[in-house]
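Just follow the structure's listing: the first ligand is 1, and inside any ligand the first atom is 1. Note that the coordinates shown come from a computational prediction; the quantities given were computed from them, not determined experimentally.
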Amino acid sequence: MAGHDVGHRLTIVVGVTGGIAAYKAVAVVRAFVLAGHDVHVVATDAALRFVGKPTFEAISRNVVETDLYEGVAQVRHVAIGQAADLIVIVPATANTIAGLAAGLAGDLLGTTVLASAAPVVIAPAMHTEMWSNPATVANVATLRSRGMTIVGPAVGRLTGSDSGAGRLAEPEEIVAAALAVLRPRDLEGRRVLVTAGGTREALDPVRFVGNRSSGRQGLAIAAAAAARGAAVTLIGANLEVTAPASMTVRHVVSTLELEAAVTDAAPGSDLVIMAAAVADYRPETIAESKIKKETQGDRLTVELVRNPDILAGLAASRRPGQVVVGFAAETEPDDERLLALGREKIARKGSDFLVVNRVGWNEGFATESNTVLVLDAAGDIVMEASGSKESVADRLLDLLA
Ligand code: PMT
């Protein structure tokens, strides 16, 4: 699972309650730990009937708290909640949700939530009938009205043979939604356009010339901008990752389609970030039917023609106040020469900022992490970041916001 971080180490309480989906809480705990946070699991007795304490202790690297009557000298029943930056309850059963809505303090999770000023994120999981029962609906509305964030539930396969609303949201979604709660809303009211993925240029109905961009870096930027309050449009070229519902997504395949979508959306955007890997060339002609080796023989020559430079066009036509950010993917191993290539590229493209990242067989493209430096229009380094693509996205938005 990708690492997410919000720039500093948080104390996160993960409350686990008694549902079959408790096993997925392990993945949530692991993602928080891998992102560098200090995670304390508070499990109800019912939760520990589904997943054992040792699993949570090994994965969280902390003692699992369960009992109101342990650590009384340290006033654990309130201390855990007081120390938390964030509380995430995963899965939250109908019973737990009812207890929270009523303000019950009969177990350690109840006292922890009541004693805490931290944001609370709740990921419900239950059967559809329980989720849509008026009692649960009213309890969830109460929790929302108190500022708690509800993630999911998803619609899908439930524990038995049935399906419907009530399936726990995917761990990745829970982690992203939880950390988003702590993000500053410093892009509220801003319209942000992000391109992501790699364009494909068709050779014939079944083949294309393309690149290895997965769309991860662009999607991380789009998701972080949405979490900071922006209205986000993502133009995705052949994405290998799924965009969350927090943004408008337009799917494109080729560079010319990307150009049309960008030309359409850019005028209404305050900030445009071109993270897509865009093909510089496309085949001059696209064969109507599959190119056959029987007719081509041992060699096949394909004539390529230049694609428009979308970023350069955007930068040249940007309106006052609009900020245009390009990316530069370079395979140059030497730091000095990489920097020089970045400086040449921003001068040529004319964008306000250029995010330079080294790419190769095993870096930049399709990986979980990235290492970048950001140049301003004068070619000066204004930021350097290394880490998960989510953390790079956040650092970049810290700079731009
Ligand atoms: O998607 P991932 O797997 O997470 O990988 C992320 C990434 C490595 C693809 C990303 O971080 C990145 O570097 N994207 C830019 C890749 C690229 O096309 O770089 P470039 O140096 O060829 O292009 C420079 C800039 O001009 C880019 O902003 C590009 O979007 C833009 N461009 C390029 C060609 C073209 N015809 N039109 C353009 O607008």
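Close contacts between ligand 1 and Asp280 involve ligand atoms 34 (C), 35 (C), 36 (N) [criterion: under 4.0 Å to a heavy atom]. Taking every heavy atom of Ser213 and a limit of under 4.0 angstrom, the matching atoms of ligand 1 come to 1 (O), 2 (P), 3 (O), 9 (C). Distances below 4.0 Å separate heavy atoms of Gly215 from the following atoms of ligand 1: 1 (O), 2 (P), 3 (O). Listed by number with element, the atoms of ligand 1 under 4.0 angstrom from any heavy atom of Gly326 are 28 (O). If you number the atoms of ligand 1 from 1 as listed, the ones under 4.0 Å from a heavy atom of Ala328 come out as 21 (O). Near Ala276, the atoms of ligand 1 lying under 4.0 angstrom from a non-hydrogen atom of the residue are 14 (N), 15 (C), 16 (C), 17 (C), 18 (O), 29 (C), 30 (O). Every atom of ligand 1 is numbered from 1 in the order shown, and the set under 4.0 Å from a heavy atom of Leu311 is 25 (C), 26 (O), 28 (O), 31 (C), 38 (C), 39 (O). The Arg216 neighbourhood of ligand 1 comprises atoms 1 (O), 2 (P), 4 (O), with distances under 4.0 Å to a heavy atom of that residue.
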Q | Criterion side chain to side chain contact (heavy atoms under 4.5 Å, CB included) on Val305 and Arg282, from CA distance to verdict | A | CA-CA 6 Å; Val305 292; Arg282 65 180 184 280; 3.9 Å; yes

Q | side chain to side chain contact (heavy atoms under 4.5 Å, CB included) between Ile174 and Val88, worked out | A | CA-CA 9 Å; Ile174 296 169; Val88 184; 4.0 Å; yes

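Using a 4.0 Å cut-off between heavy atoms, Ile310 contacts ligand 1 through both its backbone and its side chain. Counting heavy atoms closer than 4.0 Å to ligand 1, residue Ala275 contributes backbone atoms (N, CA, C, O) but none from C-beta onward. Proximity of Pro308 to ligand 1, defined as any heavy-atom pair under 4.0 Å, is confined to the backbone N, CA, C and O atoms.
For atom 21 (O) of ligand 1, the candidate residues are Arg348, Glu259, Lys345, Arg306; the nearest heavy-atom contact is made by Lys345. Of the candidates Glu368, Met274, Lys349, Gln217, it is Lys349 that places a heavy atom closest to atom 26 (O) of ligand 1. For atom 33 (C) of ligand 1, the choice among Val278, Ile273, Leu219, Asn238 with the nearest heavy atom turns out to be Val278.
Note: an N/O pair closer than 3.5 Å links Ser214 and ligand 1 by distance alone. Considering backbone and side-chain atoms alike, Lys389 places an N or O below 3.5 Å from some N or O of ligand 1.
Counting only distance, with no hydrogens or angles, the side chain of Gln82 and the backbone of Ala115 share no donor-acceptor pair below 3.5 Å.
The 12-atom threshold is exceeded at CD of Gln296, counting heavy atoms of other residues, nucleotides or ligands nearer than 6.0 Å. The environment of CZ in Arg30 is sparse: at most 12 heavy-atom neighbours from other residues, nucleotides or ligands sit within 6.0 Å. Arg190 CZ: 12 or fewer foreign heavy atoms inside a 6.0 Å radius. In Asn362, the CG atom is not crowded: 12 or fewer heavy atoms of neighbouring residues, nucleotides or ligands sit closer than 6.0 Å. Around CZ of Arg49, the count of heavy atoms belonging to other residues, nucleotides or ligands within 6.0 Å does not exceed 12.
With rounding to the nearest 0.5 angstrom, the CG atom of Asp352 is 4.0 Å from the CZ atom of Arg318.
Between Arg250 and Asp264 there is a salt bridge, since at least one side-chain N of the basic residue sits less than 4.0 Å from a carboxylate O of the acidic one. Here Asp398 pairs with Arg228 in a salt bridge; the nearest charged N to carboxylate O distance falls below 4.0 Å.
Ranking protein heavy atoms by distance to atom 13 (O) of ligand 1, first place goes to Asn357 ND2, 3.0 Å. The nearest protein atom to atom 23 (O) of ligand 1, hydrogens excluded, is given as Phe327 O, 3.7 Å; this is a heavy-atom distance. When hydrogens are left out, the protein atom nearest atom 19 (O) of ligand 1 is Ala329 N, 3.4 Å; that is the closest non-hydrogen contact. Closest to atom 5 (O) of ligand 1 among all protein heavy atoms lies Gly364 O, 3.4 Å. Residue, atom and distance of the protein heavy atom nearest to atom 16 (C) of ligand 1 are Ala277 CA, 3.5 Å.
Two residues are said to be in side-chain contact when any heavy atoms from C-beta on lie closer than 4.5 Å; Leu339 and Leu375 meet this criterion. Counting heavy atoms from C-beta on, the side chains of Glu172 and Val175 never come closer than 4.5 Å.
The two residues Phe50 and Ala22 come nearest to each other via the heavy atoms CB-CB, 4.1 Å.
Under a 4.0 Å heavy-atom criterion, Gly218 is not in contact with ligand 1. Under a 4.0 Å heavy-atom criterion, Ala279 is in contact with ligand 1.
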